[in-house]
Protein chains: 2
Amino acid sequence: MGLLNKRALVRQLQKSGIASRAVLARSLGMSQPTAGKIVDELIADNILEEVDAVEAGDGNGNGATRLGRPGRQLQLNRSQPGFLGIHLGIQETSLAELPLGDADEDRWRHSFRNPATKSQPVAQWEAELREAAKKLDSKKFLGVLLSVPGIVDEPANKILFSPNIHWSEGQDLPAVIRRVWNLPALVVQEERVVALGHHFNNPEDENFLLVDFGEGVGGAAIVGGKPFASPLPISGELGHTPALGNHRRCGCGATGCVETLVSTRGLIESFSAAHPKSKKTWAALGDHIAATGLEPWLTQSLDAAAVAICAALNVLGLRQVVITGSLAELPPAVLDYVSRSVQNGAMWARFGSIECVGAPRCRAAGLVAIGIDRLVVPETGDELDSKLKLSRGETSRAKPSKLNPATASKNEIYIS
Amino acid sequence: MGLLNKRALVRQLQKSGIASRAVLARSLGMSQPTAGKIVDELIADNILEEVDAVEAGDGNGNGATRLGRPGRQLQLNRSQPGFLGIHLGIQETSLAELPLGDADEDRWRHSFRNPATKSQPVAQWEAELREAAKKLDSKKFLGVLLSVPGIVDEPANKILFSPNIHWSEGQDLPAVIRRVWNLPALVVQEERVVALGHHFNNPEDENFLLVDFGEGVGGAAIVGGKPFASPLPISGELGHTPALGNHRRCGCGATGCVETLVSTRGLIESFSAAHPKSKKTWAALGDHIAATGLEPWLTQSLDAAAVAICAALNVLGLRQVVITGSLAELPPAVLDYVSRSVQNGAMWARFGSIECVGAPRCRAAGLVAIGIDRLVVPETGDELDSKLKLSRGETSRAKPSKLNPATASKNEIYIS
DNA sequence: TCATTTAATTAAGAAAACTACGAAACTCCC
DNA sequence: GGGAGTTTCGTAGTTTTCTTAATTAAATGA
């Protein structure tokens with residue numbers, strides 16, 4: 001079946017959650033027989049399932065009974081295991097079984113502390129992984145997805161740089177995962193996961209910049225419903241925008257990165273510099289802000305963050321900012337200030353409106369989206385083929401001389 | 001014929017300049033019959049032409065005589081008029097006849113001063129245009145391409161904002177052009193034209209950020225060989241990144257934009273503030289820098305520009321900066337300083353190297369590339385159809401319900 | 001001159017889309 | 001309850017587009 005249409009159909013279903021063959025055909029502009037055939041195939045592959053549920057209020061506003069033969073509703077298969085998601089946090093690693101049709105909140109079932117010892121951290125991590133594997137309900141997944149903070153070379157499946165989880169740098173963690181489960185495994189950059197998760201949990205947001213505050217400050221853009229990516233493994237790194245006049249050393253090796261001002265660590269540092277007598281904790285910082293409002297040391301840091309955000313908005317041509325992470329834990333005045341500061345600096349504010357909203361991190365939805373995109377209906381080749389290839393540890397690079405680009409690139413639309 | 005392969009073939013020929021059917025087929029991974037058929041069609045449409053020229057050194061290093069039947073070399077048609085390019089400058093408007101296969105330097109044949117009167121500037125511009133039309137060798141073009149500085153809504157063919165050519169704002173200049181020539185007319189943002197021009201004159205540069213210094217400071221990114229674009233009409237606007245500590249008012253309505261520091265006007269302003277006795281001219285500024293080197297007022301401004309460039313590189317995931325315009329006219333120390341400053345701030349410098357090069361503005365090549373992309377082998381529909389539609393002033397939006405996305409989006413790869 | 005090599009064209013076939021038609025399933029209305 | 005109207009879904013046949021295989025063409029080199 002045409003790869004493009006297959007991808008488009010799956011994607012549409014990811015967004016709409018539930019739909020009939022006819023609705024899919026209409027919304028994608030393809031003919032009914034085509035949609036029907038693709039659906040048949042996807043059901044045979046256990047990716048889609050028919051659901052008997054009555055269609056209550058089908059989103060078009062007409063919740064009333066409709067004329068004609070009712071369509072058989074379809075959704076991404078929820079009764080099957082789907083993917084195994086692994087989130088590599090700074091302190092601990094979490095695991096979750098992710099059914100394909102899971103747009104819900106994150107439910108991380110199992111977790112363990114990351115290796116602390118300097119010797120053999122990867123072997124220790126592997127051992128913990130094996131322990132965790134025993135506790136899982138299922139062993140059969142379509143693949144394993146590893147979300148990692150830092151800089152990730154996704155095509156090569158390698159972790160390049162992770163200032164907060166140094167032991168993972170340069171490691172081939174997917175290979176470790178494959179030793180444990182013998183399944184295709186992918187590494188994905190955390191911010192991209194979160195951004196995609198937000199997109200699929202809020203399908204109406206098709207163009208936005210997600211900014212995640214935490215130990216670091218990262219970003220990822222969704223442009224035209226697709227995650228923005230460039231050939232370089234870095235992108236969306238707005239935490240490492242230099243801030244004029246800032247001379248703090250950053251973990252990345254440079255001096256003056258915005259991240260050194262508005263990461264949790266950076267904010268606490270500034271806070272304790274301004275108030276040496278206060279406790280140097282995140283909670284104390286929050287309490288202080290709630291009590292005294294926004295003091296200059298804070299607004300200056302927030303302005304620096306806003307500059308980086310504005311720069312990104314102006315360059316990418318976006319008007320919506322989604323903010324996740326620690327900044328949303330502080331009193332709302334903080335987010336308000338950033339929002340106003342972005343309004344002042346972003347160019348589109350002169351022509352229209354800028355939106356700046358807080359949101360939770362939706363890693364599960366993002367991981368599923370990436371898994372579907374790269375394992376279930378991958379850009380090139382048959383899914384089974386590529387599964388095998390990946391599980392054998394081969395790169396999934398297509399032979400350019402053999403493949404006709406017209407075939408290879410029917411995959412368009414979801415370049416990822 | 002499949003639109004994707006047609007586009008791919010034309011694009012390949014744009015890059016390689018000259019190639020035979022067999023070479024094209026091989027390099028694009030399609031079969032020889034397919035390439036042959038597409039070439040036949042393109043020749044019939046007068047877009048390609050066969051050229052008898054012997055193939056001297058075909059780029060593969062083997063300039064020696066090769067075995068076998070020699071391929072019939074093809075190139076974009078140079079014997080036909082191609083496009084009419086119009087460049088809307090700040091002071092004057094220039095015209096050039098652009099053959100399709102033109103990768104040469106810009107040759108603007110005719111130009112006239114822009115309307116100065118406040119009354120009826122558009123009508124006056126139209127009159128000048130009619131005058132200029134008489135001087136042209138040909139009246140038959142595939143279309144007219146208007147390059148405009150400022151903010152342009154390219155899909156809607158409208159000029160939204162142009163701080164330096166206020167009379168053009170909100171005007172439908174393509175309609176004016178159509179009244180004069182009765183041909184399809186497109187407005188394109190100047191920086192995007194220049195970036196595409198650089199890309200096609202240097203096909204090895206597939207990922208870069210072009211930064212153009214002049215009355216304003218604009219940017220445009222080429223990512224994966226394609227101009228980056230978002231749904232919003234702004235993008236690449238790195239001149240309007242706020243610079244912390246800068247309080248100059250910008251023409252865009254905001255305060256503190258980098259552009260107010262490093263545009264020609266901004267630099268002269270800073271120069272005259274630091275040296276009140278000097279002449280307030282660009283030449284005097286250049287002489288002064290050549291004589292005394294980089295003074296603090298200048299390095300601070302350049303640092304601000306570097307921050308904006310770094311922010312863009314980090315967010316877009318790029319490692320090459322192409323600088324055009326007035327900054328390249330100053331002593332080389334200036335570009336060197338910016339280059340070093342970018343090295344310090346751009347994140348990729350921690351992993352690899354950052355490149356920062358000056359280059360001339362290649363508007364002609366960029367306009368031709370855009371014209372080919374949007375008029376000769378447009379993404380959707382037949383070229384003739386869309387030509388007619390455009391010349392009738394209709395939008396060339398495809399009917400989504402009618403077109404099969406598999407057909408519509410075989411256009412992949414060259415999303416533009 | 002003839003074998004070898006490469007280019008371009010022709011012919012036949014496969015993939016994937018479409019249109020057209022008909023059966024199935026439901027509502028509405030008499 | 002039963003026909004008319006609607007909508008869904010599947011089947012059959014057609015079209016488009018690209019492929020492979022075979023053929024013809026044009027050059028080199030012994």
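Each chain gets a letter, A, B and so on, in the order the sequences are listed, and its residues count up from 1.
Atom pair B:Asp40:CG and D:dT17:P shows a separation of 15 Å (rounding to whole Å applied). In this structure, B:Leu9 places its CG atom 12 Å from P of C:dA8, rounding to the nearest Å. Between the CD atom of A:Glu41 and the P atom of D:dG10 there is a distance of 13 Å, given to the nearest Å. To the nearest angstrom, P of C:dA15 lies 15 Å from CG of A:Leu3. Rounded to an integer number of Å, the gap from B:Lys6 NZ to D:dT16 P is 15 Å. Regarding B:Ile38, its CD1 atom lies at a distance of 10 Å from the P atom of D:dT17, rounded to whole Å. Straight-line distance from the CG atom of B:Asp52 to the C1' atom of D:dA27: 16 Å, rounded to whole Å.
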Going 5' to 3' along nucleotides 2-7 of chain D, which nucleotides have protein heavy atoms under 4.0 Å from the base (write B), which only from the sugar-phosphate (write S), and which from neither (write -)? ----BB
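Closest approach to the B:Arg21 side chain among C:dA8, C:dT19, D:dC9 is made by C:dA8 (side chain taken as heavy atoms from C-beta onward). In the set C:dC18, C:dA8, D:dA21, C:dA8 carries the atom at the smallest distance from any side-chain atom of B:Arg72.
Between B:Asn5 and D:dC18, a side-chain N or O to OP1/OP2 separation shorter than 4.0 Å is present. Contact annotation: A:Thr34 reaches the phosphate of C:dC18 (side-chain N/O to OP1 or OP2, under 4.0 Å).
Note: A:Leu367 CG to A:Leu84 CG = 9.5 Å, rounded to the nearest 0.5 Å.
In this view, B:Ala19 and B:Leu13, B:Ser16, B:Val23, B:Leu24 satisfy the side chain to side chain contact (heavy atoms under 4.5 Å, CB included) rule, not counting sequence neighbours.
Relative ring orientation between B:Phe228 and A:Phe228 is described as perpendicular, the plane-to-plane angle rising above 60° on a 0-90° scale split at 30° and 60°. Note: A:His199 and A:Phe208 have tilted aromatic rings, judged against thresholds of 30 and 60 degrees for the angle between ring planes.
Comment: A:Asp373 engages A:Arg7 in a salt bridge, judged by a side-chain N to carboxylate O separation of less than 4.0 angstrom.
In this structure, A:Glu50 and B:Gln32 both approach DNA chain D, and ranking their closest nucleotides by distance from the 5' end singles out A:Glu50.
Here the closest non-hydrogen pair linking A:Ile370 and A:Leu196 is CG1-CD1, 3.3 Å.
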